[in-house]
Each structure stands twice: as C-alpha cells, then as structure tokens.
Amino acid sequence: MTSTIVNVALNRPLFKEFAYVINKEISDSHIGCRVKVNFANSTMIGVITKVGVKNNSSIKLKEATLIDEQSFITDDVIKMLEFGSNYYQYPLGQCFNVALPKLLREGGAFSYEKIPALQLCCNIDGEILKKIKSDDQKRILDLLKTGPIQRKELRERGFLSSTENALIKKKLVEIINIEKKENEAFSTENILKETPPQANTEQLSAIYTVQKNSDFKVFLINGITGSGKTEVYLRIIEDVLKKGKSVLVLVPEISLTPQTFDRFYRRFNVPVSSVHSALSDRERLDSYIDMATGNSGILIGTRTAVFTPIKNLGLIVIDEEHDSSFKQNDTFRYHARTLAIMRAKINNCPVILGSATPSLETLFNCYKGLYSRIDLKYRAGGASYPDFELIDLTKEPVTEGLNKGLSQTLEDRIGEETAKGDQVLLFLNRRGYAHHLVCHLCGHVFTCPNCDNILTVHKTNHRLQCHICDTIFTAPEKCPVCENTQLFEQGFGTEQVNDYLKDRYPDVGIERIDRDSVTTKNQLEIRLNRVRDGKSLIMLGTQMLAKGHDFPNVTMVAMLDIDSSLFCDDFRAMENTAQLLTQVAGRAGRGTKKGKVIIQTHHIDNELINDLINPQCSYIDIANKLLETRKKLSLPPYSYQAFILCNSSIRNKAFNFLSNLSDKIKTFKDNYSNLVITPVMSDKMEKIQNRFHFHILVTCTDRNELRKFLTQVRNTVEEQTVPNDIRFAIEVDPIAMY
DNA sequence: AGCACGCCGACT
DNA sequence: GTCGGCGTGCTC
C-alpha cells in the first residue's frame, strides 16, 4: 500500500501546516489541490502545500481525501500567497481562504454549469426596429447580431435586466444556456473587433517602450488625465493577446463602470472576464475557471482579482495605482499592487502601473531605478488643461449660501456657466445634511453610543447616522441632558447643499451623487445619463464623482471645502489632497471647451494650495516636494511601518494585553537595527462598535529587519494563547493611520 | 477560529 | 447535588 504524507494549510489562525496521510500516489504537481480532512473534530477543506514530507512527530496521522485530481491554483499564485503570508504576517491557510472563490472554498467542483445568455430569436429588420422606442433595447439587439451574449456581460455594459426582459416579452430575444467547456483556449486570430483610434507619438512611444520588453519589469505610466492611458494599455494588451498570453487588469472598485467594460468588450474578440462585488458566487467561479483554464484572455477586476490563477499570464496592468482601494483593511491586510508586482516577478512578466497622480511609494521606486517611468504629458484630442482660480473665503460676505458651503462668487459663477448651458461639477467630500446636532442651551453634542464619533444629521427620513458603524437613530425632539427642544444643525453636507442649490437655481437640473442618493449601479447610471444628455447641469457629489467618469460638457469644477482635507493629522493628508484635487480638476474641460477649476479656501497662502493651482507646478513637482518632507521626517517611503493592533469589548483587557506584549517586545527589540516602537496608544477613535482599540506603531528603515521583527512579535503572541474577546492583528505597510 | 476539558458559582 | 459560566490549551 502506498501512502504519501502531505502538508495541508487550513483556514485557522495558526502559522503552521498539518500533516496528513493521503491514500493515493501523488506528486509535487498536486501542490494546490484541495483535500477534505478531519481537524480537531470537524471536517474542513484545506490546500496541499507540500508532498512527501516525513512524519517526524509521534502522532498518528489522520487521513486526507483528495478533492481535485489536479491543481487549478497555478504555481505563481501559490508562491505569491506564500510571500504574502510571510510579508503580511497572516497564516497561509487563511490567505488561501481569501484567495479562493466561495464555492471552491466550500468544496464545490471546479467546473462550469450552464451560463445564462441572450440570443436573437428572429431576424431583426427595419420594421421591427421602427416599433422599438427604447435606445437601450435597440442597442442590445444590435450587440446580439454578432451572436449570443452572457447576461452578466450585458449587466456590466450598463443594461438593466428589465430592458432585457422587455425584449424577451416581445419574443425578439430568448434566454439560452451556454455550455462552456474548460480548456478552450481563445483564438489568437482576429484579436480585434474594432479598429483602434490613431495613437499620438507620445502614446506610440509609450507602447513601444513597454512592448519591447516581455520579462519582469515595472513601468509607471504617468499620464495626466485625458492623455489616453487606457488606449496605451489596450494596445499593449493587444500585443500580449496575439502571443496567446492572458492579461490581468486591476482597477479600483469605483471605476468598474459600463464605460470601462465597454472599452474592452468593444475592442477585443477575445473573451473578457471580470471580478467585482456585483457578481454572484457562481459568476465569480465562472470567471475564475475562465482564467485558470485559458478560456478568457483578459480579466478585469478589483483587488481580489490578483489571486485568480491565469493560464499563460503575460502582463499585469494596475490602473489608478495610487488608489487606496487596492489595500485590504481587514483579515488578510494585503496591498494588491505589492502582491501583483511580486506575482509578475515570479511569473517573469511586465507590470504597468498607471496613474495621473502616482503614489509617493511608486515615484520613489522610480527614482531608485526599480521602476521605469513613462510620462504622457499631452491631452489626447487636443483638449487644453483647465485654469485655476482661488476664492478667498475670508473676503466673502457672510451670506446664506456661505453657511451651506457656497460663497457669493461661486454662486455667481455657477449662474454664469449654467446660463450658457454649460455643466458644473461641485465636489464636497462630506455626505449627509449637517455635520452634527448640538443643543442650543447646554451645548450637548449628539454622539454615537457605540463609537467615539459624532452623529451626522440626515434630513431624509429625519434621522441621525453614525458614519463609522452605520447605525441609524431617529432624530431626537429634545436634548437628553436638559430637555431643551432647540437643537442646532452645524456644518453642511451634500444633502444640504443640494437642497440649497435647488432653491437657488430652480430651473437647472441638479444631480446629487453620493452613497446615500445612489444605492445601486443602475441609479448611478441613470443620474450620469441625465448629465450626459444635458438634462441636468449641476452635479454635486463626494469621492464617487472624483474618479473615472467622463463628462465632456463640464466646464467648471469647484472644490467646496478643500480646507477640511488639508488640516488633518495623517501624514498622508497632503498627498491625498493633491491626488484628489488633480483628479477632480481632470474632470473639467475634457471636451473642446476650456475648463476651469475653482477652489474655495480660508487659507489663501497655503503652500500646497498655491502649488496645486500653479500651472508651472505639476503633480510630480508637488509630489517631489512632499517626498522631501517625508525624507526629512524619515516617514514612508523612506521608512517602513507596521501597526500592532488589538481591540476588545473590555477596555482594560485590550490595553493590558498590548502592554504585556509591549514589555516582551522591549526584551528583544534591540536585536533589530533602526527600529522604533511607540508605547501602547489608543486609536484615534478608541471606541468603535463598542470595542476599544489600541495600537503600537513600529517604524524601521529596513524592510527585512521589520519583517523579521514582526515575525518574532507574532511568535511571541502565539506562545501564549490570545485571550477570549481579544482581537489581535498586525498590519504591514498601513495606508490609514490608527 | 473552534472545540473540549476543567474548575468554581447559583440554582431546582 | 448539577447546570453552565468562561479561562486554558490543542488541533496533524
């Protein structure tokens, strides 16, 4: 009888794998296969990490049942996860858990089921088209002319399922189930579906620079907004596809809009797959199989897409590489950019980082010569860069508008633009009606009972909401302390500005775009379409509006409250503000009309603001200045940081646990060079959802020393058992401060 | 993380 | 007497 011993990684917070006997002749090629095992009296699914280990413990090994005949997790993904586990101090078994789609995690089969699609069920002639009024219905019929399309794809391209259903009802289209087979490699003939537009010389040179290299190399494409970065990606992707290789495209959650998908679906004949939050578990698995078996040539996805096994991976593109949504802030606290670069290195293929506002980390790596930077300085299609104008709020009269964030000067400008029929975009990064509610008599401020946070006033449904834990309270009639009924709303949010704008410009359509007013993708589409169709001239929104979307007729962009993002104790505040403003400014004047950007501030002399509005001073110039400051203060990227995090529902328990750990750390921290640790401190917001949060910040100039130190910290924690009700985590390379 | 084991308090 | 609270320790 042959019996092989394998190591299995399990979804448990344990930094070791467990040995099992497997009743089958298997080899190293089975690394990555799932097995069913009994672990501590329960049945679990684990992943084989080693084959043919010796049983050097005296325990009688249990038996593992093989689930997969062959591993679908590619070697590069396994190596990337092993790196990630070490680098981010997170157990390998739990890393696998994050990396696998839910259905596979739970033991489901690695195979397709029937995939719902639409196909035409009669000839569509002019007569039929005449009877159809809906543009979307016509567009669907047009797309279906070339063959059936998956319902998932139609959804991604912005069509409503109700539009599809209307066509089904008219018996013009029918639902069919596509039966896909695994391992149907995409054809490298006729890659293109449409002829690409003419690229300009700058774009061509960027394309050429990347194309001539097919080994591991990191490129930063630093292209100003409107310079046609996406076109550059598409050309390079085309070239990779022609070689029969596949491409991974990582994008921030926010940019998964129909336009993004359309760009890829329209351009390539090659199947395109996707990973994003709007997919069902089954659809996620389908995309996973598409890529692992080489059925699709392109995967577009958010940060989790970095874990998808890809047959013949030839290129990774990370669009908007500075975007903070590539960082996961719970469980496996990885940065998708870091893992993607490691994956490309393992896989020996190039990586393209694209951004108009690269992160300081990435720029620093360019200066060190680790990445090569390609600049795109001209706006494709000849659109000119906008003019900047500051409004000095200290010189503005105190009007009703000013209390709602709009100075007299800005109001006049909005009036002028909209009178011409031009569109304006107003940006305010604060949702809700009012910042907080205060008692006029005793000064009591309404706060969240579960968090150390003030409650935001929302007028719709008459409620107060905590933006930390999302708890909603009905707005009170009186002060709970002094019973006074005069309660004042202080500070303004998008909801209030929206109300004011409606009164002030009653004849102009206004679209408010934030998390409260836009709860589904479709709602966002409807609003954006009203803007594109010119039905609405004013857009008011939060972050949601800052990125990705193209509005050719927007001639003016205004930042209502830049001051609040400027004065913040986070050392990244300046970088984030510079990125935000540059991105927002990029929304103006993308069409033929020249755009302007208006910034309201009480701090007219602020250096950063003046740099931002100075046409002689580019984002890179500002970033260079910020890098200088970071260097002087020895802050990242000139040093590496990690947080040791701990929280508990009992305040003392969390504090004592970390203090204890801190004492132990002090006994060995001097074995590591250039390491600085802070005392145990409360988080900025100590209480969140009734749990008390504490941290220790570790800073080190050497990445490797830091890693070794953190491993010892983690081992120290493992020696004792973490008490009940204590949550403990290590966060490496944090981008948010605690 | 789960789950079992074990050692003390407040019940029928 | 016993049910169950959760602190402690282990999982191939």
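What you see is a predicted model; the values in this text were computed from it and never measured. Chain naming here is simple, since letters A, B, ... match the order of the sequence lines and numbering starts at 1 in each.
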Evaluate side chain to side chain contact (heavy atoms under 4.5 Å, CB included) for A:Ser649 paired with A:Asn690, printing each intermediate quantity in order. CA-CA 6 Å; A:Ser649 62; A:Asn690 289 313; 5.9 Å; no

Atom pair distance, as rounded to whole Å: NZ in A:Lys16 and C1' in C:dG9: 12 Å

Could you go over nucleotides 5-8 of chain C and give all protein N or O partners under 3.5 Å, atom names and distances?
none

Throw together a table of side-chain donor-acceptor distances under 3.5 angstrom for residues 653-662 of chain A, partners on residues two or more places apart or in other chains.
{"unit_1": "A:Lys653", "atom_1": "NZ", "unit_2": "A:Asn724", "atom_2": "O", "d": "2.9"}
{"unit_1": "A:Asn656", "atom_1": "ND2", "unit_2": "A:Asn652", "atom_2": "O", "d": "3.1"}
{"unit_1": "A:Ser659", "atom_1": "OG", "unit_2": "A:Phe655", "atom_2": "O", "d": "2.8"}

Taking side chain as C-beta onward, heavy atoms only, is A:Arg333 less than 4.5 Å from A:Gln328? no

What does A:Phe39 touch in the nucleic acid at a heavy-atom separation under 4.0 angstrom: a base, only the sugar-phosphate, or nothing? base

Can you measure from CZ (A:Phe668) to CG (A:Leu675) and round to the nearest 0.5 angstrom? 9.5 Å

Taken to the nearest whole Å, CZ/A:Phe15 to C1'/C:dT11 is 16 Å

Parallel, tilted or perpendicular, judged at 30° and 60°: which one describes the rings of A:Phe326 and A:His335? tilted

Report the distance from atom CZ of A:Phe18 to atom C1' of C:dC12, rounded to the nearest whole Å. 6 Å

What does the list of N/O pairs under 3.5 Å between the protein and nucleotides 2-6 of chain B look like, with a distance for each?
{"unit_1": "B:dG2", "atom_1": "OP1", "unit_2": "A:Arg12", "atom_2": "NH1", "d": "3.1"}

Can you tell me how far C1' of C:dC12 sits from CG of A:Leu14, to the nearest Å? 11 Å

Looking across every strand, which nucleic acid part, if any, lies under 4.0 Å from A:Leu10 by heavy atom: base, sugar-phosphate, or nothing? nothing

Beyond-backbone contact of A:Leu248 with A:Thr308, side-chain heavy atoms, under 4.5 angstrom: no

Residue pair A:Val698, A:Leu706: steps toward the side chain to side chain contact (heavy atoms under 4.5 Å, CB included) verdict: CA-CA 8 Å; A:Val698 187; A:Leu706 178 63; 3.6 Å; yes

Residues A:Glu113 and A:Arg282 bridged, charged N to O under 4.0 Å: yes

